[in-house]
Amino acid sequence: MGILSSSLFWWYYFINYDLFNLKDYMIFSFKFNYPTDEFIEKELICLAENLEQELLGNAIKYEIKSKTRGTSQTIKYQNSESKPTIDKIDRLLAQHYGFTDEELDFIINYDIKYRMGLGN
């Protein structure tokens, strides 16, 4: 969950796919090898759990009323509220993949204005 929420995965998805559909083959084509460093593995799990709690805690829940489908409830996640945690995940992934500081900076800031809902 942490990896798929990372800016690294967003960048990969953005440059390779249409941004409207997320299919299993898109996820499986993202090359990830599990960390051999026990610290990275445990920290990644911990950050993913923290991210899940943050996203749920900051989510906006509302109802949509439709004449044909009735009322349904939906959730809008506020990703920008969890940016510090996502950045920590990217720092761990950068350590795992051996990225330079410049590469990490590029990934963390790639499309930030629109990805975090800050653009008009």
Side-chain angles (χ1 to χ4, degrees):
M1 185 264 197
I3 294 162
L4 295 179
S5 298
S6 70
S7 297
L8 177 62
F9 183 79
W10 172 259
W11 171 77
Y12 166 80
Y13 177 62
F14 185 88
I15 65 170
N16 288 292
Y17 301 106
D18 65 9
L19 303 180
F20 291 103
N21 302 290
L22 182 60
K23 305 288 185 179
D24 61 351
Y25 71 88
M26 297 172 185
I27 294 170
F28 295 128
S29 66
F30 181 72
K31 301 298 182 208
F32 177 73
N33 55 333
Y34 286 91
T36 55
D37 183 321
E38 197 172 308
F39 170 78
I40 292 175
E41 181 181 11
K42 287 182 179 182
E43 191 66 17
L44 192 55
I45 291 167
C46 181
L47 287 170
E49 290 170 352
N50 289 347
L51 179 60
E52 182 178 7
Q53 293 304 312
E54 286 178 12
L55 289 172
L56 290 172
N58 293 320
I60 297 171
K61 299 170 186 164
Y62 59 95
E63 289 185 349
I64 297 175
K65 297 181 181 184
S66 168
K67 290 181 182 179
T68 57
R69 288 182 266 160
T71 301
S72 63
Q73 294 186 356
T74 191
I75 296 174
K76 179 180 177 184
Y77 295 107
Q78 305 294 309
N79 293 0
S80 61
E81 299 293 323
S82 298
K83 179 69 170 133
T85 302
I86 294 169
D87 288 350
K88 288 178 185 176
I89 290 169
D90 281 306
R91 284 187 192 91
L92 269 178
L93 292 174
Q95 186 179 347
H96 172 65
Y97 285 111
F99 292 166
T100 65
D101 290 342
E102 292 81 16
E103 290 168 329
L104 174 60
D105 185 60
F106 176 83
I107 293 297
I108 285 177
N109 294 302
Y110 185 80
D111 209 26
I112 189 171
K113 181 173 160 182
Y114 301 102
R115 182 169 180 234
M116 292 294 136
L118 305 173
N120 293 329

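Heads up: numbering here begins at 1 and tracks the sequence. Scope of the values below: all heavy atoms of this structure, side chains included, with no hydrogens, waters or symmetry mates.
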Pairwise side-chain contact, [X] with [Y], heavy-atom cut-off 4.5 Å (strictly under):
X      : Y      : result
Glu52  : Ser82  : no
Phe14  : Leu19  : yes
Ser29  : Tyr17  : yes
Tyr110 : Ile15  : yes
Tyr97  : Asn33  : yes
Trp11  : Phe106 : yes
Asn16  : Met26  : no
Lys83  : Ile108 : yes

Exercise: identify the closest heavy-atom pair between [X] and [Y]:
X      : Y      : result
Leu92  : Phe39  : CD2-CE2, 4.2 Å
Leu104 : Phe99  : N-CB, 4.4 Å
Gln78  : Asn58  : CG-O, 3.1 Å
Ala48  : Gly2   : CB-N, 3.6 Å
Ser7   : Ile107 : CB-O, 3.3 Å
Glu54  : Glu81  : OE1-O, 4.3 Å

Report the distance from atom [atom1] of [X] to atom [atom2] of [Y], rounding to the nearest 0.5 Å.
X     : Y     : atom1 : atom2 : value
Asp90 : Thr85 : CG    : OG1   : 11.5 Å
Leu47 : Ser5  : CG    : OG    : 11.5 Å
Tyr77 : Ile60 : OH    : CD1   : 12.0 Å
Glu41 : Glu38 : CD    : CD    : 7.0 Å
Ile3  : Phe9  : CD1   : CZ    : 10.0 Å
Asn50 : Ile45 : CG    : CD1   : 12.0 Å

Given side-chain contact (heavy atoms from CB on, under 4.5 Å), test Ile89 with Leu44 step by step and report yes or no. CA-CA 6 Å; Ile89 290 169; Leu44 192 55; 3.9 Å; yes
Looking only at the aromatic ring of each residue, does the gap between the centers of Tyr34 and Phe32 stay below 6.0 angstrom?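 Yes - the distance between ring centres of Phe32 and Tyr34 falls below the 6.0 Å cut-off.
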Using modelled atom types and a 3.5 Å cut-off, is there a donor and acceptor pairing between side-chain atoms of His96 and backbone atoms of Asp37? no
Kindly check if the number of other-residue, nucleotide or ligand heavy atoms within 6.0 Å of OH (Tyr62) is above 12?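 It does: Tyr62 OH has more than 12 such atoms within range.
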Are Leu22 and Leu8 joined in one hydrophobic group, where the rule is that I, L, V, M, F, W and Y side chains link up if heavy atoms are under 4.5 Å apart?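 Yes, Leu22 connects to Leu8 through the hydrophobic network.
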If hydrophobic clusters are built by linking Ile, Leu, Val, Met, Phe, Trp and Tyr wherever their side-chain heavy atoms come under 4.5 Å apart, do Met1 and Phe28 end up in the same one? no
